[in-house]
Amino acid sequence: MIFSSIMRGAARDGMIRRSPCVDIRWPEPDKTTIRLLSPAEVIALYRAMRPEYAPLVLLGAMAGLRRGEALGLAVDRIDFAEGMLTVDQQVVVIDRRPTLAPPKTRASIRDVPIPAVLADALAGHIDRHKPEDALFRTTRGNLIRRDYFNAGILKPAILAAGVPADMTFHDLRHTFASTALAEGVPISEVSRWLGHESVTTTVDLYGHLVPEASERARTALDNVFASALGSA
C-alpha cells in the first residue's frame, strides 16, 4: 500500500506516465485483537506494581489513557473538584531522550472523567511524592521512556500478578472501553473519552462487546409500536 501511494504521487507529479499499481486487490487488514482483563486482574496488577507507579494501571483501566498519555499526565491537568483530567500531552522519545509533546491527533486532546477510586489513588500519589509537573518520573527525576516502563516496571508486575504474561498496557485501555460500554455508557461518549477521531473507530473495535444493545432496541421499538397497534 505504501508503494502504491508512492507510485500514485509519482504519476501525479509527472515523473512516470502512469502508476503500475492498478487493479490490485489488497488483502483485508488484520483486525485488532481485543484482550480484556477482569476487574480482579486489574486490581491484582495494580497491587503488584511498584507503589510509585501503581496509579498508571488505573489510568489505563479506569480512564482509558494510552501509555504515553498516562506517563505524561501532569498535576495541573487534574481537576479533583470537577472530577476530570485533561489529556493534552504525552511522553515521546526525541533524539533518544523522553520529552513531553502533544498527542498524535487533535481528537486525542480531551477531558476524561475520573472515577472516585482513581481520584483517591492519584491524590494519594500526589500527597506522597509531591510532583511539580509530570506525576511519574524515574528515581533520577527523568520522564519515563516507554521501553523502560514496559521492561522495568510493567513486566515484573505482570509476572507477579499472575495476569496473562503477554498482556500490554493497551489492554487496560481496551478494558476501560468494554467496561464502560457494558455498563451502558453511550458509545459516543466512550469514543470521545478514548480520543478517537471518529466514533466509527470505536464501533469497529468495541461494538460487538455490547450485544445487549440489540435487546434494548427490540424492547424500545416493541413498546412504542405495540402501544400504537393496540390503540388502532
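- Between the CD1 atom of I114 and the CE atom of M62 there is a distance of 10.5 Å, given to the nearest 0.5 Å.
- In this structure, Q89 contributes its side chain and L73 its backbone to no donor-acceptor pair below 3.5 Å.
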Task: Trace of the side chain to side chain contact (heavy atoms under 4.5 Å, CB included) decision for T99 with V91 - done: CA-CA 5 Å; T99 188; V91 172; over 6 Å; no
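- Closest non-hydrogen pair, A121 versus Y46, comes out as CB-OH, 3.8 Å.
- When side chains are defined from C-beta on, F169 does not count as touching R146, because their heavy atoms never get closer than 4.5 Å.
- Here the CD1 atom belonging to I144 is positioned 10.0 Å from the CG atom belonging to L135, to the nearest 0.5 angstrom.
- Once rounded to the nearest 0.5 Å, the distance linking OG of S178 with CG of L205 reads 11.5 Å.
- Residues M84 and V185 do not share a hydrophobic cluster, clusters being chains of Ile/Leu/Val/Met/Phe/Trp/Tyr side chains in contact below 4.5 Å.
- Nearest heavy-atom pair, R145 versus R96, reported as atom, atom and distance to 0.1 Å: NH1-O, 2.8 Å.
- Taking each heavy atom of A134 and P131 in turn, the nearest pair found is O-CB, 3.5 Å.
- By the 4.5 Å heavy-atom criterion applied to side chains, D111 and L85 are not counted as neighbours.
- For the atom pair L59 CG and H125 NE2, the distance stands at 9.5 Å (nearest 0.5 Å).
- Between I126 and F80 the shortest side-chain heavy-atom distance falls below 4.5 Å.
- Residues meeting the side chain to side chain contact (heavy atoms under 4.5 Å, CB included) test with R192, sequence neighbours left out: E189.
- Heavy-atom minimum distance, V199 versus S191: CA-OG, 3.4 Å.
- Closest of all the heavy-atom pairs between P115 and P113 is CD-O, 3.5 Å.
- Salt bridge annotation for R35-E41: absent, with no cationic side-chain nitrogen under 4.0 angstrom from a carboxylate oxygen.
- Put simply, the side chain of L71 reaches to within 4.5 Å of the side chain of L56, judged on heavy atoms.
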Task: Evaluation steps, salt bridge (charged side-chain N to carboxylate O under 4.0 Å, His left out), between R110 and E69 - done: CA-CA 11 Å; R110 63 202 188 272; E69 295 169 345; 2.8 Å; yes
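- Aromatic ring centres of H129 and F136 lie farther apart than the 6.0 Å criterion allows.
- Between the side chain of Y53 and the main chain of R137, a donor-acceptor pair closer than 3.5 Å is present.
- Comment: D95 does not engage R97 in a salt bridge, judged by the lack of any side-chain N to carboxylate O separation of less than 4.0 angstrom.
- Following chains of ILVMFWY side-chain contacts shorter than 4.5 Å, one can reach L172 starting from V117, so the two form part of one hydrophobic cluster.
- Looking at every heavy atom in both residues, L181 comes nearest to P186 through CD2-C, 4.5 Å.
- Hydrophobic clustering of Ile, Leu, Val, Met, Phe, Trp and Tyr side chains at less than 4.5 Å, counting indirect connections, keeps V92 apart from V87.
- Using modelled atom types, one side-chain atom of T175 and one backbone atom of D171 make a donor-acceptor pair closer than 3.5 Å.
- In this structure, the side chains of N150 and K155 stay at 4.5 Å or more apart for every pair of heavy atoms.
- Rounded to the nearest 0.5 angstrom, I78 CD1 and L122 CG are separated by 4.5 Å.
- Residues S108 and T105 bring a donor and an acceptor atom of their side chains to less than 3.5 Å of each other.
- In this structure the side chain of V75 never reaches within 4.5 angstrom of the side chain of D133, judged on heavy atoms.
- Looking only at distances, a side-chain donor or acceptor of R173 sits under 3.5 Å from a matching main-chain atom of L194.
- In this structure, I158 and L45 have side chains that are in contact, with non-hydrogen atoms separated by less than 4.5 Å.
- Within a 6.0 Å radius of CZ in R50, other residues, nucleotides and ligands contribute more than 12 heavy atoms.
- Under the 4.5 Å side-chain criterion, counting only non-hydrogen atoms from C-beta, R66 is in contact with K104.
- The NE2 atom of H174 sits 12.5 Å away from the OG1 atom of T179 when rounded to the nearest 0.5 Å.
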